[in-house]
Visitor: 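What follows is a structure written as C-alpha cells; I'll ask about it next.
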Amino acid sequence: MPELPEVEVVRRGLDRWITGRTVATVDVLHPRAVRRHDGGALAFEADLTGCTITAVERRGKYLWLVLDGGESGALVAHLGMSGQLLVVEAQRNDDPHLRVRIGWAPGRTPQRELRFVDQRTFGGLFLEPLVVEPALGRTVPASVAHIAPDPFEPGFDRLAVAKNIRRKRTGLKRALLDQTVVSGIGNIYADEALWRARQHFARRTESLTSPQIAEVLDHATEVMSAALTQGGTSFDALYVDVNGSSGYFSRSLNAYGQEGEPCPRCGRFIVREAFMNRSSFRCPSCQRRPRVPHG
DNA sequence: AAGAACTCCTGGATGC
DNA sequence: TGCATCCAGGAGTTCT
C-alpha cells in the first residue's frame, strides 16, 4: 500500500526528526523484520549501534538512512504492505506490531525513539554498503541498484523509459508495476494513471507509440505528485506518517477501490477485475479492453 | 532468459 | 455467536 508518495511523506518526516541523531540502542523484537540483514538480528543490533544518521534518501518505494556520511553504509527500509516508521516519545506504550525499536543518544526532551511497526511483516530493515551507479553518478544501497529511477529523480528520462517499455512487448500495467523499469508506482497509482490516460491495463505496449507511453508516465507522475500534496493515500490506520497521521488522497481517487461508483468522466460504473493476482479497477467505457488482450 | 507462479504474513470482512 | 474462508499485495525466489 505505501507507494512513492507515502514513502516520500515518511522520508520527509524522518529527515526532519532524526537527521543528525546518533543510535544508542537497537532492539529487534521480531527477527523477520531484519531477515534481509546479513547475520540476523544480533548482527543488526551491533552493526547499527553507534551510527549517526547523516541523510535520509529514497528511490521509488525504498528508503534509506545514510550512516556516518556513508562510511558505515545505509540503513535500508522497505515498508512492504503495512510497514510504518514512527517517531514517538520513548515512554509511550509499545504498538501492537512493534518489530524494531531504535533509541537515540540523549538530546532534546522529551526523549523520542524510532519505531518500525509492521502488521503483515512484508517490510523490513537491513544494513548494506553503498555503491555508486556509473550511469547516474548516484550513490545507492547495493540492493537498490537494480531498482530503476523514479519519475522524480534527476536521472529519470521519460522518453527513454517509454522506449524501454515499448520494447518490453508486455501489458501496460505490468510494465508500470515493474520496479526495474520505473520505480515507485504500485497498484493504486497504476490504476489511477491508466484511468487518467484512458488506457486498459492489458494494452500491449508495442501497440502504443513511445510518446503515447511517455504520456502515461506523465499521468503517473502527476497523480503521485497530487497525492504527495495531500499527504498520501490512506484507507485505514495502516499507512501513516512518522507522527501517525493519515493522508487524504483516498478521497481523490477516480478508479482504484471505486467498484460500483460512477466514473467521474462518463458516469459508467467502475468495474473490478483480477489481473496479476491483484485487483484492477477501470472504467469499462473510458478504458476499453484491447482487441489483442493480455500480457 | 524472460515471464509466470509461488511465497511470505496478519487481521478485518464475509459467509454459513 | 463462532468458526472457516477469503482478501489486501511488494518483491524476492523458484520454476518453466
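Lettering of chains follows the sequences in order, A, B, ..., and the numbering in each one begins at 1.
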Visitor: Tell me the interatomic distance from A:Leu79, atom CG, to C:dA11, atom C1', rounded to whole angstroms.
Guide: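 Rounded to the whole Å, the gap is 13 Å.
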Visitor: Without decimals, in angstroms, what is the distance between A:His146 NE2 and C:dG12 C1'?
Guide: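 For the pair A:His146 NE2 and C:dG12 C1', the rounded distance is 8 Å.
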Visitor: To the nearest angstrom, how far is A:Asn187 atom CG from C:dA11 atom P?
Guide: 12 Å
Visitor: Between A:His37 and A:Phe126 (judged by ring centroids, cut-off 6.0 Å), do the two rings come close enough to count as a pair?
Guide: no
Visitor: Does A:His30 place a side-chain N or O at less than 4.0 Å from the phosphate oxygens OP1/OP2 of B:dC9?
Guide: no
Visitor: Write down the distance between CG (A:Asp95) and P (B:dT10), rounded to a whole number of angstrom.
Guide: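 The distance from CG of A:Asp95 to P of B:dT10 comes to 17 Å, rounded to the nearest Å.
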Visitor: With a 4.0 Å limit, can you tell me whether A:Arg278 has a side-chain N or O closer than that to the phosphate oxygens OP1/OP2 of C:dC7?
Guide: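 Checking A:Arg278 against C:dC7: no side-chain N or O falls below 4.0 Å of OP1 or OP2.
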Visitor: I want to check a possible cation-pi pair here: A:Arg265 against A:Trp195, using under 6.0 Å from ring centre and within 45° of the ring axis as the test.
Guide: yes
Visitor: Among C:dA8, B:dA4, B:dC8, find the nucleotide with the atom closest to the side chain of A:Met81.
Guide: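 Closest of the options to the side chain of A:Met81: C:dA8.
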Visitor: CZ of A:Phe126 versus P of C:dA11: gap in Å, rounded?
Guide: 11 Å
Visitor: Measure CZ/A:Phe122 against C1'/C:dT13 and give the value in whole Å, please.
Guide: 14 Å
Visitor: In terms of side-chain heavy atoms of A:Arg120, which of B:dT10, C:dA11, B:dC8 is nearest?
Guide: B:dT10
Visitor: Can a salt bridge be assigned to the pair A:Lys61 and A:Glu3 using a cut-off of 4.0 Å between side-chain N and carboxylate O?
Guide: no
Visitor: Compare the minimum distances between each of B:dA4, C:dG10, C:dA11 and the side chain of A:Tyr62, then state the nucleotide with the smallest one.
Guide: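 Given the options B:dA4, C:dG10, C:dA11, the side chain of A:Tyr62 is closest to C:dA11.
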Visitor: Round to the nearest Å and state the distance from A:Leu4 atom CG to C:dA11 atom P.
Guide: 11 Å
Visitor: Any side-chain N or O of A:Lys168 below 4.0 angstrom from OP1/OP2 of B:dA2?
Guide: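 So the side-chain polar atoms of A:Lys168 never come under 4.0 Å of the phosphate oxygens OP1 or OP2 of B:dA2.
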Visitor: When you get a sec, tell me which of B:dA4, B:dC8, C:dG10 is the closest nucleotide to the side chain of A:Lys61?
Guide: C:dG10
Visitor: Without decimals, in angstroms, what is the distance between A:Arg36 CZ and C:dA11 C1'?
Guide: 8 Å
Visitor: Is A:His78 close enough to C:dG10 that one of its side-chain N or O atoms is under 4.0 Å from OP1 or OP2 there?
Guide: no
Visitor: Please determine whether a side-chain nitrogen or oxygen atom of A:Ser279 lies at a distance below 4.0 Å from atom OP1 or OP2 of C:dA8.
Guide: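 Yes, within the criterion.
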Visitor: Can you see which heavy atom on A:Glu192 is nearest to which on A:Asn254, and at what distance?
Guide: OE1-N, 2.9 Å
Visitor: Answer yes or no: does a side-chain N or O of A:Tyr189 lie under 4.0 Å from OP1 or OP2 of C:dG10?
Guide: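 Checking C:dG10 against A:Tyr189, no side-chain N or O comes under 4.0 Å of OP1 or OP2.
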Visitor: Around atom CD of A:Glu259, are there more than 12 heavy atoms of other residues, nucleotides or ligands at under 6.0 Å?
Guide: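 Above 12, so yes.
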